[in-house]
Amino acid sequence: MLNLIRMNLFRMVHTKGVIVVFILLMGFSVLSGSMSAYDSEEMAKEIEEQKTSVQQENPGLVVEENGEKIAEVGITIQTPVEEDGSLSDYIFIYCEELSSGVLLLFILIGAVLFFIGDEKCGFLKNIAGQTKHRYNIFFSKLIAVGIYTFVCMVCYMFVEYIVFNTLIEVDINFGMEHIPEALKVFALEYLIHMALISGLLLITELTKSTAASITIGILSVMGICGMFFSGIVHKIFHTNFNIAKYYLTTSMSNINIGMDWDIIKLALGVGITFFIIYNVANVYWFSHKDIV
């Protein structure tokens with residue numbers, strides 16, 4: 001098993017598609033960090049100018065730091081800038097990006113390209129007859145995809161944080177005091193990401209098409225597949241049951257720092273359930289399919 005994992009990791013780092021996707025993800029992290037740094041400075045200056053203008057026009061008015069008075073003069077506050085014009089801790093920005101699914105779009109493309117690559121290059125055919133249990137091949141590939149997903153999530157965080165502190169005049173705090181909460185977010189998002197990727201790997205195995213699985217993955221992250229499926233269920237069963245509550249993408253978007261226990265339990269339950277179902281199906285199909 002360890003040899004299979006090592007071989008798959010070797011194959012992963014030598015798969016051109018995976019390398020290209022990883023480079024694109026790192027490039028996107030630089031672009032995202034650059035745009036956020038620029039926007040945060042502009043927004044902070046605008047907030048400060050608005051506060052100064054309000055105080056000059058109304059000398060007796062105290063502009064509160066909680067944003068209530070700022071809201072009255074028409075300022076819309078968005079991350080990474082707080083209501084008082086200060087920068088949010090970076091860990092909040094990163095957790096929100098994990099919840100948005102933007103990293104998942106890149107990760108799933110690389111995972112699908114890697115997963116089906118061994119069949120196109122003949123790697124799978126060469127080792128299929130040398131393993132006692134064929135499902136070990138699948139698990140080794142899944143573990144390699146899990147390592148790839150973890151590396152992408154961590155590298156994105158550090159690259160974007162470095163870009164932030166390189167381009168912005170005032171260094172942004174990482175938010176070390178929020179690490180315990182952030183680790184919960186990271187662990188749940190990692191579980192949800194792996195469950196979604198497992199579903200797409202199943203589609204890849206069934207269809208033998210990277211285009212089909214990547215397209216379905218993108219549409220799922222964008223919420224289009226979920227809306228379509230909910231519409232069908234409501235139309236057929238004439239029910240108002242909110243099935244979207246139990247989507248992986250719904251749990252992914254609800255996970256963030258400060259989430260309550262109900263969100264944690266639901267995300268954990270949904271993530272584990274789908275991860276098990278998808279991979280049981282993956283193991284069954286992989287163990288019984290013909291390898292040519």
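Follow the hydrophobic side-chain contacts under 4.5 Å out from L108 and you never reach I277; the two are in separate clusters. Both Y278 and L206 belong to a common hydrophobic cluster when Ile, Leu, Val, Met, Phe, Trp and Tyr are linked at side-chain heavy-atom distances under 4.5 angstrom. Under the 4.5 Å side-chain heavy-atom criterion for ILVMFWY residues, no single connected hydrophobic cluster contains both I23 and I147. Linking ILVMFWY residues whenever their side-chain heavy atoms come closer than 4.5 Å, directly or via other members, leaves Y246 and M227 in distinct clusters. I91 and I162 end up in different hydrophobic clusters when Ile, Leu, Val, Met, Phe, Trp and Tyr side chains are linked at under 4.5 Å.
Here the two rings, on Y161 and F174, have centers that are under 6.0 Å apart.
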**Message:** Using side-chain contact (heavy atoms from CB on, under 4.5 Å), reason through L98 and M157 one step at a time and then give a plain yes or no.
**Reply:** CA-CA 10 Å; L98 283 180; M157 175 181 65; over 6 Å; no
**Message:** Could you go through L105 and I109, starting from their C-alpha distance and side-chain angles, then the distance that decides it, and tell me whether this counts as side-chain contact (heavy atoms from CB on, under 4.5 Å)?
**Reply:** CA-CA 7 Å; L105 290 175; I109 295 173; 5.7 Å; no
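Residues V30 and E160 have side chains not in contact (no heavy-atom distance under 4.5 Å, counting atoms from C-beta outward). Side-chain contact between I19 and V13 is absent, with no heavy-atom pair separated by less than 4.5 Å. Looking at S220 and Y247, their side chains never come closer than 4.5 Å, going by heavy atoms from C-beta outward.
Considering every non-hydrogen atom in both G110 and V18, the closest pair reads O-CG2, 3.5 Å. When all heavy atoms are compared, the tightest approach of G101 to V221 is O-CG1, 3.7 Å. Scanning both residues, S99 and N256, for their nearest heavy atoms gives OG-ND2, 4.1 Å. Nearest heavy-atom pair, Y148 versus A111, reported as atom, atom and distance to 0.1 Å: CE2-N, 3.8 Å.
For residues 182-211, the ring-ring contact (aromatic ring centres under 6.0 Å, His included) pairs, not counting sequence neighbours, are F150-F186.
One distance of note links CE of M12 with CG of L113; it measures 10.5 Å at 0.5 Å rounding. Distance SG/C152 to CZ/F106: 10.0 Å, rounded to 0.5 Å. Note that the CE atom of M176 and the OH atom of Y90 stand 14.0 Å from one another [nearest 0.5 Å].
T273 contributes no side-chain N or O that, together with a main-chain N or O of V270, makes up a donor-acceptor pair within less than 3.5 Å. Side-chain atoms of T207 come within 3.5 Å of backbone N or O of S209 as a donor-acceptor pair. Using a distance-only test at 3.5 Å, with no hydrogens or angles considered, no donor-acceptor pair links the side chain of N279 to the main chain of S198. Remark: side-chain polar atoms of S213 are not paired, donor with acceptor, to backbone N or O of I203 under 3.5 angstrom.
Between F138 and F115, the ring-plane angle classifies as perpendicular under the 30° and 60° cut-offs.
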